[in-house]
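See structure below.
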Protein chains: 2
Amino acid sequence: MVTIKDVARVAGVSPATVSRALNDSPLIREETKARIRRIAQELGYERNELARGLVKGASGAIGLVIPDITNPFFAEVTRGVGEVAHARGYGVILCNTEEDPDRERSYIRLLRRKRVDGLILTSVTAEDPYLKALARSKTPFVLVSRACQLVPAPYVGVDDRLGGRLAVEHLVELGHRRIGFIGGPADVQSSLDRLAAFEAVLTEHGIPVREEWISFSDFTQRAGYRAGKELLRRKVRPSAVFAANDVVALGVLQAADELGLRVPEDLSVLGYDDISYAGLPRIELTTVAQPSFEMGKIAAEWLLSVLEGGPRRLYRLLTPKLVVRRTTAPAPSG
Amino acid sequence: MVTIKDVARVAGVSPATVSRALNDSPLIREETKARIRRIAQELGYERNELARGLVKGASGAIGLVIPDITNPFFAEVTRGVGEVAHARGYGVILCNTEEDPDRERSYIRLLRRKRVDGLILTSVTAEDPYLKALARSKTPFVLVSRACQLVPAPYVGVDDRLGGRLAVEHLVELGHRRIGFIGGPADVQSSLDRLAAFEAVLTEHGIPVREEWISFSDFTQRAGYRAGKELLRRKVRPSAVFAANDVVALGVLQAADELGLRVPEDLSVLGYDDISYAGLPRIELTTVAQPSFEMGKIAAEWLLSVLEGGPRRLYRLLTPKLVVRRTTAPAPSG
DNA sequence: TTGTACGCGTTATCAC
DNA sequence: GTGATAACGCGTACAA
């Protein structure tokens, strides 16, 4: 690979001059700059960011830790992060944990070895202790979508209590009193918040919370399918199900179909996220919309601004929005 | 950040010894190794891969260039790549081009500056000249799913001619003779191959190819919707549509629904990829399955093996599989 | 306005 | 077995 020295030799100047010219230093005469740039271009020079990172103490890359890139919600977050990172010349190192805490820890170590300038985490379980260690280190990080109670940390997400409330109140208003909840992993804050809202709304309306209608999955379609099958096979089953995300809701829909339950006539199903497939005519899933792409952008923008000396505080709770489609309907009178 | 020197000072040895110990060199006495490792651990040392990369001439990262991370097909490829890369300690720098050739070129440059050890490209348009330059450079790369005619390059994908053939023959066997095609971007090889198969099969069966029923989109749901609307609004419209991927097919389904066309009674729709949403009970899209996750894994495995001196040739054409579900049916007798 | 010299954190090549 | 020393490619204080 051609280095700054090669360019210097050809241009008949010192490497320092080349470095300055390429970094547009005001110290260099314009014509020299132009000449050096031209030569660099001709030689196909691309600066070595490893070397540059070593001396500047900044790698020009950020780490993005995601539980499941296959979930359109996180794909959108990823897209948002990539958009702003790239616009500012940063690279994004993607880490897909598959909801596995071990992988997550191992990824964080990888990212630290790579000296990423900052981290965006969407994969945090509610009380993982490694976050404490991270908070002590100097590397800035943001939590997206999944908060953490253990450590005060910069965060951007939607108000999941409110989102859960919107969802469950919608069901209650439709006359449902037998409502089930299928969450994500039991240690994910966003899922817990949605559950808390679920219980709160039921209680407010004097509807008993039935433990046997509450279950946890791992935020995948398959898990939603399984949990749905189990829930809907009970002798006494709910007339509505609130799934803690859309992917799970799609699994529930699948379970309902296989059991011969008509949606929404026999069963109302409500999701969370508003992934693009929720709006398909064949699906028409009622759900709570989150600005996922926006969240990725906000997180990245904040992170990059911190890297340039901006304020280190961030706490953004965006507002979720109920999107009523066709998987919810008034409760059957039975 | 704690460096090798800090560890050396605490351990009372030279930096060289620490480096050797941490790299498990046989030159170091076992007890010294153990002691040094313990100290490194206590100090929270993580080796600086920037520095390491600089001296070793290898960054320990690969670049992954994807047209649309939001498309489950590419999300699966990404997952496959990440799985094997991380198992071997490599980082993956993700670049989402949104099908924009300018972005693509700019990403490639970013990745070269970051000195990635290799590239996985799924975003190549059929005759982009930058590939030639890439081929001349020493950085190894693989093309996944989208081939390139301009340059002989390592490739893993499915046999799109065969896949297209399976699809169209299925329609013909169902008695369809008025068949439309909605492709991806006009310069994407995989889309072109599927089109070629489409035309070949029609011709073989003595069915005229009607240009006005052939159109191109950009491989998104929205584009599929638009193209579908246009196609299905014609006075004379096809009884079946072959969409060059599932996302586009979903858009076509949406268009059909809005126009009051029943699928599959009035219109058969066939996709390509078999993304996870294609199998939903509400969708049941007939499609051609590609082993997307597998393709990502194969590409990464090959790339990493090349980095360790393995053979530099690769050409894997996997076999696509027709998955018949419920969006295709015999042609209406009309 | 440009060149010289040093250091960033590692690993590799010599010595001892 | 272990320690000094020289790279890797770049940015930058200091000198000119």
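Proteins get letters first, then strands, A, B, ... in listed order; numbering begins at 1 in each. Note that the coordinates shown come from a computational prediction; the quantities given were computed from them, not determined experimentally. Hydrogens, waters and symmetry mates are skipped; everything else that's a heavy atom, side chains included, is used.
Using a 4.0 Å cut-off, some side-chain N or O of B/Ser19 falls inside it from OP1 or OP2 of C/dT11. At D/dG11, one or more side-chain N or O atoms of A/Arg52 fall inside 4.0 Å of OP1 or OP2 (strictly under the cut-off). Between B/Lys33 and D/dG1 there is no side-chain polar atom (N or O) within less than 4.0 angstrom of OP1 or OP2. Considering only side-chain N and O atoms, B/Thr32 lies under 4.0 angstrom from the phosphate OP1 or OP2 of D/dT2. For C/dT10, the OP1/OP2 oxygens have no side-chain nitrogen or oxygen of B/Arg47 closer than 4.0 Å. For C/dT10, neither phosphate oxygen OP1 nor OP2 lies less than 4.0 angstrom from any side-chain nitrogen or oxygen of B/Lys5.
Between the side chain of B/Arg20 and the base of D/dG3 there is at least one donor-acceptor pair of N/O atoms closer than 3.5 Å.
A/Leu27 comes within contact range of at least one nucleobase, with a heavy-atom separation under 4.0 Å. A/Thr3 comes within 4.0 angstrom of the backbone, heavy atoms only, and of no base. Here B/Ile28 lies in heavy-atom contact (under 4.0 Å) with sugar-phosphate atoms only.
To the nearest angstrom, P of C/dG9 lies 14 Å from CG of A/Leu50. In this structure, B/Glu46 places its CD atom 14 Å from C1' of C/dG9, rounding to the nearest Å. For A/Arg35 and C/dT1, the CZ to C1' distance is 13 Å, given to the nearest whole Å. We find that CG of B/Asn23 is positioned 5 Å from P of C/dT11, with the value rounded to whole Å. Between A/Ile4 atom CD1 and C/dC6 atom P the separation is 18 Å, expressed in whole Å. Per the geometry, CG belonging to A/Asn48 stands 13 Å off C1' belonging to D/dG11, to the nearest Å. In this entry the distance linking CG of A/Asp24 with C1' of C/dT1 reads 15 Å, nearest Å. Residue A/Lys114 contributes atom NZ, which lies 13 Å from atom P of C/dT10 at whole-angstrom precision.
With D/dC8, C/dT2, D/dT2 as the choices, the nucleotide that has an atom nearest any side-chain atom of B/Arg29 turns out to be D/dT2. Comparing C/dT4, C/dG9, D/dT12 against the side chain of B/Ala51 picks out C/dG9 as the nearest.
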Decide yes or no on side chain to side chain donor-acceptor pair (under 3.5 Å) for B/Ser25 and B/Asn23, but give the supporting numbers first. CA-CA 6 Å; B/Ser25 154; B/Asn23 288 310; over 6 Å; no
Tell me, with the steps shown, if B/Glu99 and B/Ser123 meet side chain to side chain donor-acceptor pair (under 3.5 Å). CA-CA 7 Å; B/Glu99 301 277 15; B/Ser123 188; 5.0 Å; no
Intermediate values then yes/no, salt bridge (charged side-chain N to carboxylate O under 4.0 Å, His left out), A/Arg35 and A/Glu31: CA-CA 6 Å; A/Arg35 195 167 54 88; A/Glu31 55 189 74; over 6 Å; no
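Ranked by how close their nearest DNA chain D nucleotide is to the 5' end, B/Pro15 and A/Met1 are led by B/Pro15. Each of B/Val55 and B/Pro26 was matched to the nucleotide of DNA chain D holding its nearest heavy atom; the match closer to the 5' end belongs to B/Pro26.
Interatomic distance, B/Gln189 CD to B/Asp160 CG, rounded to the nearest 0.5 Å: 8.5 Å. Note that CZ of A/Arg47 is 14.5 Å distant from CZ of B/Arg112, once rounded to the nearest 0.5 Å.
Aromatic ring pairs are classed by plane angle as parallel below 30°, tilted from 30° to 60° and perpendicular above 60°; the pair B/Tyr315 and B/Tyr155 is tilted.
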